[in-house]
Amino acid sequence: MKEAGINPDVVTYNSLIAGASKHCLLSQCLDLFEEMLQKGIRPDLWSYNSLMHCFFKSGEPAEANRVFQDIIMSNTDPSTTTFNIMINGHCKYGYTENALMLFRNLQRHRFTPQIDTYNILINGLCKAGRLGAARRILKELGQSGHVPNAITYTTVMKCCFRSRKFKQGLEIFAEMKEKGYTFDAFAYCTVMGALIKRGRIDEASEFMENMVRDGIELDMVSYNTLINMYCKKGNLEAAYNLLDEIEKGGFECDKYTHTILIDGLCKASNVDRAERHLRYMNVMGFDSNLVAFNCLLDGLCKAGQVDYAMKVFKSMELKDSFTYSSLVHNLCKARRFHSASKLLLSCLRSGVKILRSAQRAVLLGLSSSGYSREASKLRSKIRLAKLLQY
DNA sequence: CTAGGGTTAG
């Protein structure tokens with residue numbers, strides 16, 4: 001455009017900023033913004049909305065909030081999208097109270113929330129584990145005169161599966177069908193994912209067939225679900241064949257694809273190949289391989305290579321509660337109760353949440369192998385940590 | 001040109 005002598009305008013810059021935001025390129029977002037100002041092009045609400053979104057996506061909620069304040073203080077009126085981005089961002093970073101407050105403020109003013117806003121809030125509350133609040137908003141949605149759409153249904157269904165209300169989730173799916181909602185890949189993948197997790201592979205298979213019969217084109221998430229299905233069946237050959245097909249079709253495998261395969265290889269007792277695959281993943285430079293590492297760690301332990309697993313564990317730069325819970329469990333299984341206890345203590349000190357079942361395994365292991373004094377010491381430390389949390 | 005639902009691990 002520059003070479004052709006066409007001057008970029010605000011829409012040009014907004015498009016670029018949106019693109020950068022989509023790929024989490026915060027510094028490019030800011031550069032574009034700066035460039036725009038230097039050229040004397042005034043950013044509009046779209047620019048600010050995108051910038052806010054980019055800050056949220058890049059883990060800078062405080063900065064996003066600052067942009068929001070700027071919008072409010074300036075002469076530009078925020079749009080519903082502005083509020084939607086804020087509500088979503090607040091929930092994502094655990095500020096569900098702020099999200100709810102913003103929502104209530106909207107209701108008090110001239111913005112009647114649209115179905116999209118309800119969906120965003122319900123989803124945010126569900127993911128933050130605030131099911132009661134989510135249920136209340138869902139009820140309000142019903143009373144508001146808006147009709148829940150496919151997104152609402154998928155959101156609530158996913159929420160049921162997450163909170164282990166499996167039957168209720170399937171009922172929502174049935175209700176969706178009954179009411180004549182068209183199923184898309186989102187709804188199908190939600191249900192298939194839940195079925196696969198519970199080992200009901202054949203049923204998941206049937207859903208996949210239905211999906212194809214419905215004429216829904218498979219996207220990368222659907223392919224990942226299918227690969228996961230093959231892996232859970234133990235058919236790694238089929239999974240790898242599909243991988244080739246996907247790439248021939250012009251799709252690009254993502255971190256989910258590779259993580260699913262790594263877990264599949266571990267579960268098929270092929271830990272060596274899993275480790276090679278993880279190394280390949282690292283060479284490819286995926287933004288996050290934490291889940292893949294967690295899978296490998298578990299696989300190594302289950303294959304009896306606990307020492308090596310500990311070495312890998314120490315080399316990891318990123319760890320989460322999955323890492324610790326699974327390692328503590330596996331150490332107990334290997335009857336290494338003192339190592340498990342040490343690891344559990346480090347979690348208590350750093351505030352990393354760890355499964356209660358893993359904690360119980362350590363306590364039980366210590367006391368049953370003649371270390372009841374250590375067990376009771378650990379028990380009181382667990383209690384203390386719990387008290388300090390609040 | 002902006003937001004929102006789906007796929008992975010203990």
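Throughout, a chain's letter reflects where its sequence line sits, starting with A, and its residues are numbered from 1.
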Quick note, A:Asp116 side chain, CB onward, closest among B:dT2, B:dA9, B:dA3 is B:dA3

Let me know, please, whether A:Asp320 or A:Ile120 comes out on the 5' side of the other along DNA chain B by nearest nucleotide. A:Ile120

Parallel, tilted or perpendicular, as decided by the 30° and 60° cut-offs, for the rings of A:Tyr181 and A:Tyr153: tilted

With a cut-off of less than 4.0 Å, is there a side-chain N or O of A:His53 near OP1 or OP2 of B:dA3? yes

Any side-chain N or O of A:Asn88 below 4.0 angstrom from OP1/OP2 of B:dA3? no

If you only use heavy atoms from C-beta on, which nucleotide in B:dT7, B:dG10, B:dG5 is closest to the side chain of A:Lys158? B:dT7

Side chain to side chain contact (heavy atoms under 4.5 Å, CB included) between A:Met310 and A:Tyr308: does it pass, once the steps are laid out? CA-CA 5 Å; A:Met310 286 304 280; A:Tyr308 185 53; over 6 Å; no

Report yes if the ring of A:Tyr256 lies under 5.5 Å from the six-membered base ring of B:dT8 with planes under 30°, and no otherwise. no

When you measure from the side-chain N and O atoms of A:Lys22 to the phosphate of B:dC1, is any distance below 4.0 Å, counting only OP1 and OP2? no

Look at A:Lys92 and B:dA3 and indicate whether a side-chain polar atom (N or O) is within less than 4.0 Å of OP1 or OP2. no

Phosphate OP1/OP2 of B:dG4: any A:Lys127 side-chain N/O under 4.0 Å: no

Least distance between heavy atoms, A:Leu243 atom then A:Cys253 atom: CD1-SG, 3.7 Å

Testing B:dG4, B:dA9, B:dT7 for proximity to the side chain of A:Val221, the answer is B:dT7

Among B:dT7, B:dG5, B:dA9, the one nearest A:Phe322 by side-chain distance: B:dA9

Please set out all donor-acceptor pairs under 3.5 angstrom arising from side-chain atoms of residues 288-305 of chain A, sequence neighbours excluded.
unit_1   : atom_1 : unit_2   : atom_2 : d
A:Asn289 : ND2    : A:Asn282 : OD1    : 2.4
A:Asn294 : OD1    : A:Thr323 : OG1    : 2.8
A:Asn294 : ND2    : A:Asp320 : OD1    : 3.2
A:Asp298 : OD1    : A:Lys302 : NZ     : 2.8
A:Asp298 : OD1    : A:Asn330 : ND2    : 2.9
A:Asp298 : OD2    : A:Lys302 : NZ     : 3.0

From C-beta outward on A:Trp46, which listed nucleotide comes closest to its side chain: B:dG5, B:dA3, B:dT2? B:dT2

Within the pair A:Asn14 and B:dT2, is there a side-chain N or O less than 4.0 Å away from OP1 or OP2? no

